[in-house]
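Heads up, the thing below is written out as structure tokens.
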Amino acid sequence: MSIVHPGAKSPSRRWPVERYATVARELIAEGHRVVITGSEAERDLALRVAERAGLGESAVPRTGLGELAALVAHARVVISGDTGIAHLASAYRTPSVVLFGPMSPERWGPPGRPQHRAIWHGTRSEPGDNPGPGVHPALLAIEPGEVLAAAREVTGAAATL
């Protein structure tokens, strides 16, 4: 099972719904069983991703922190923005692809292990989230194909560990 987690506290760290849906559709086409996760406050966002990916509501499980941690611990790959679930994936050594916007992965990114990839197209780390409602330009520079290539790399790397 692979996890796509579109949520983040700040809108500046939320990659667009359609891009997450594209990644989820491609993962499904490659044989992954995909679940879309999010907090209760992010449920509508997760449901929009699932719908656009051609998944039903059953692909968006309601979980507490313990259930989410268990999903992460057993996932094939976790794809998310710079948010808490990425840290869980690092802690469990679950393959992950983490998308960065305003903050450089040098500060908060996954450890330098072959099963983790941080993607960032920024030029400088900002002190925090953008106060506005828009997605950070560095995050918008990330394309679904790049995320999918990284997911293939980290799952392949994990298989050889």
Side-chain angles (χ1 to χ4, degrees), residues 1-38 42 45-55 59-61 68 71-126 129-130 134-161:
M1 169 262 319
S2 299
I3 297 172
V4 172
H5 186 91
K9 181 178 178 182
S10 168
S12 67
R13 289 187 291 126
R14 287 188 210 133
W15 204 42
V17 166
E18 189 52 49
R19 293 184 191 189
Y20 273 117
T22 297
V23 167
R25 278 192 308 271
E26 289 297 319
L27 290 173
I28 292 164
E30 293 176 10
H32 293 245
R33 183 174 73 84
V34 174
V35 296
I36 314 296
T37 60
E42 298 165 339
L45 174 66
L47 287 168
R48 285 196 321 266
V49 171
E51 178 184 336
R52 290 185 179 145
L55 297 166
V60 186
L68 179 62
L71 285 174
V72 170
H74 296 97
R76 184 174 179 183
V77 65
V78 173
I79 298 172
S80 73
D82 171 23
T83 193
I85 196 169
H87 299 291
L88 279 174
S90 292
Y92 283 114
R93 295 181 180 234
T94 299
S96 66
V97 178
V98 186
L99 317 179
F100 284 81
M103 298 298 290
S104 164
E106 287 182 12
R107 184 167 189 174
W108 298 110
R113 296 181 188 137
Q115 73 267 34
H116 302 298
R117 288 287 183 284
I119 301 175
W120 185 55
H121 294 299
T123 57
R124 63 179 176 85
S125 186
E126 296 182 13
D129 294 328
N130 288 349
V135 179
H136 191 274
L139 195 55
L140 289 174
I142 301 170
E143 294 294 331
E146 181 179 11
V147 174
L148 288 160
R152 289 180 200 109
E153 289 175 16
V154 299
T155 56
T160 63
L161 295 178

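- No donor-acceptor pair under 3.5 Å is formed between the side chain of Arg117 and the backbone N or O of Val97.
- What you find for Ala8 and Arg13 is that their closest heavy atoms are CB-O, 3.6 Å.
- Using modelled atom types, no side-chain atom of Ser96 and backbone atom of Ala86 make a donor-acceptor pair closer than 3.5 Å.
- One finds the CD1 atom of Ile79 at 12.5 Å from the NE2 atom of His5 (value rounded to the nearest 0.5 Å).
- Using modelled atom types, one side-chain atom of Arg14 and one backbone atom of Lys9 make a donor-acceptor pair closer than 3.5 Å.
- Between Val23 and Glu26, the closest side-chain pair of non-hydrogen atoms is not below 4.5 Å.
- Remark: the Thr22 side chain and the Arg19 side chain contain no N/O donor-acceptor pair separated by less than 3.5 Å.
- Note: Met103 CE to Ser10 OG = 11.5 Å, rounded to the nearest 0.5 Å.
- Residue Ile142 holds its CD1 atom at 5.0 Å from NE2 of His121, rounded to the nearest 0.5 Å.
- One finds the CG atom of Leu47 at 11.5 Å from the CZ atom of Arg52 (value rounded to the nearest 0.5 Å).
- For Ser80, there are no side-chain hydrogen bond (donor to acceptor under 3.5 Å, both in side chains) partners at least two apart in sequence or on another chain.
- Among all heavy-atom pairs drawn from Val147 and Leu99, the shortest one is CG2-CD2, 3.6 Å.
- Taking each heavy atom of Gly109 and Phe100 in turn, the nearest pair found is CA-CZ, 3.4 Å.
- Counting all heavy atoms, side chain and backbone alike, Val49 lies closest to Ile36 at CG1-CD1, 3.9 Å.
- Side chain of His32 to main chain of Val34: no donor-acceptor pair is present (N/O by atom type, distance under 3.5 Å, no hydrogens or angles).
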Evaluate side-chain contact (heavy atoms from CB on, under 4.5 Å) for His116 paired with Val98, printing each intermediate quantity in order. CA-CA 8 Å; His116 302 298; Val98 186; over 6 Å; no

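- We find the CG-CZ distance between Leu27 and Arg33 to be 13.0 Å, quoted to the nearest 0.5 Å.
- Looking at every heavy atom in both residues, Ile28 comes nearest to Ala53 through CD1-O, 4.3 Å.
- If you take CH2 on Trp15 and CG on Leu140, they are separated by 10.0 Å, rounding to the nearest 0.5 Å.
- Summarising the geometry of Pro61 relative to Val35, their closest heavy-atom pair is CD-CB, 4.2 Å, with the distance given to 0.1 Å.
- Listed by chain and number, the residues in a salt bridge (charged side-chain N to carboxylate O under 4.0 Å, His left out) with Glu51 amount to none (sequence neighbours excluded).
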